[in-house]
Amino acid sequence: MTRARMPRPHEVAAARRDPRLLRAVRERQQDEAWRTRGTCQSVDPETFFPAPNEPADAAVALCRSCDVQGSCLAWALDVGDCHGVWGGTTPRERRAMLVAWRGEVDPDPDAIDDPGPPVRDRLLALVPLS
């Protein structure tokens, strides 16, 4: 297996202008149930995870006809998935997009920065002392 290289600056610059990335930014968190409507639901999952020496053309072509392509790509970029075809992109394309994604997308405003005390401490606070 070969080691993935960091994307070059010109690849990141091209990724920032890529319509697929722009669509993913727009559709981020717009559709929570995107997986249930994907074209991939009726296709063998192995299609989207070709061997390193096999082309991913069939999977990319299926993704291009899918209505949830942007949400799918947004999910893959959010979790940093670097395997398989997601949102019509190959792992190599997503590595460059990921650098651009991290610079473009604000952190989730609903995310809790301070989760508070550990669960054990919260549970002990509920137990009455006698």
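These numbers come from a predicted model, not from an experiment.
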### Message
Membership question, hydrophobic clusters at under 4.5 Å side-chain separation (ILVMFWY): are V12 and L21 in the same one?
### Response
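No, because L21 and V12 fall into different hydrophobic clusters, even though each may have its own neighbours under 4.5 Å.
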
### Query
Does one hydrophobic cluster hold both V68 and L62, with members joined at side-chain heavy-atom distances below 4.5 Å?
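Yes.
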
Minimal non-hydrogen separation, [X] against [Y], with atom names:
X   : Y   : value
V99 : P7  : CG2-CG, 3.8 Å
C72 : G87 : SG-N, 3.2 Å
C66 : G38 : SG-CA, 3.8 Å
G84 : R94 : O-NH2, 2.8 Å

Go through the structure and list residues passing salt bridge (charged side-chain N to carboxylate O under 4.0 Å, His left out) with [X], not counting sequence neighbours.
X   : answer
R20 : D18, E93
R16 : none
R92 : E11

Just distance, no hydrogens or angles: give the donor-acceptor pairs under 3.5 Å from side chains in residues 44-61, sequence neighbours left out.
residue : atom : partner : partner atom : Å
D44     : OD1  : E46     : N            : 3.4
T47     : OG1  : D44     : O            : 2.9

Would you check if [X] and [Y] make a side-chain contact, meaning some heavy-atom pair closer than 4.5 Å?
X   : Y   : answer
R28 : L77 : no
T36 : Q41 : no
C63 : V85 : yes

### Partner residues of R35 under the side-chain hydrogen bond (donor to acceptor under 3.5 Å, both in side chains) criterion, sequence neighbours left out
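R35 satisfies side-chain hydrogen bond (donor to acceptor under 3.5 Å, both in side chains) with no other residue.
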
### Task
Could I get the full list of side-chain hydrogen bond (donor to acceptor under 3.5 Å, both in side chains) partners for S71, not counting sequence neighbours?
none

#### Entry: Partners meeting side-chain contact (heavy atoms from CB on, under 4.5 Å) with R26 (sequence neighbours left out)
L22, R23

### Query
Angle class for the W86/W34 ring planes (parallel below 30°, perpendicular above 60°, tilted otherwise)?
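Taking W34 first and then W86, their aromatic rings stand perpendicular (interplane angle over 60°).
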
### Message
For M97 and T89: C-alpha separation, side-chain torsions, deciding distance, then whether side-chain contact (heavy atoms from CB on, under 4.5 Å) applies.
### Response
CA-CA 9 Å; M97 287 181 178; T89 61; 3.7 Å; yes

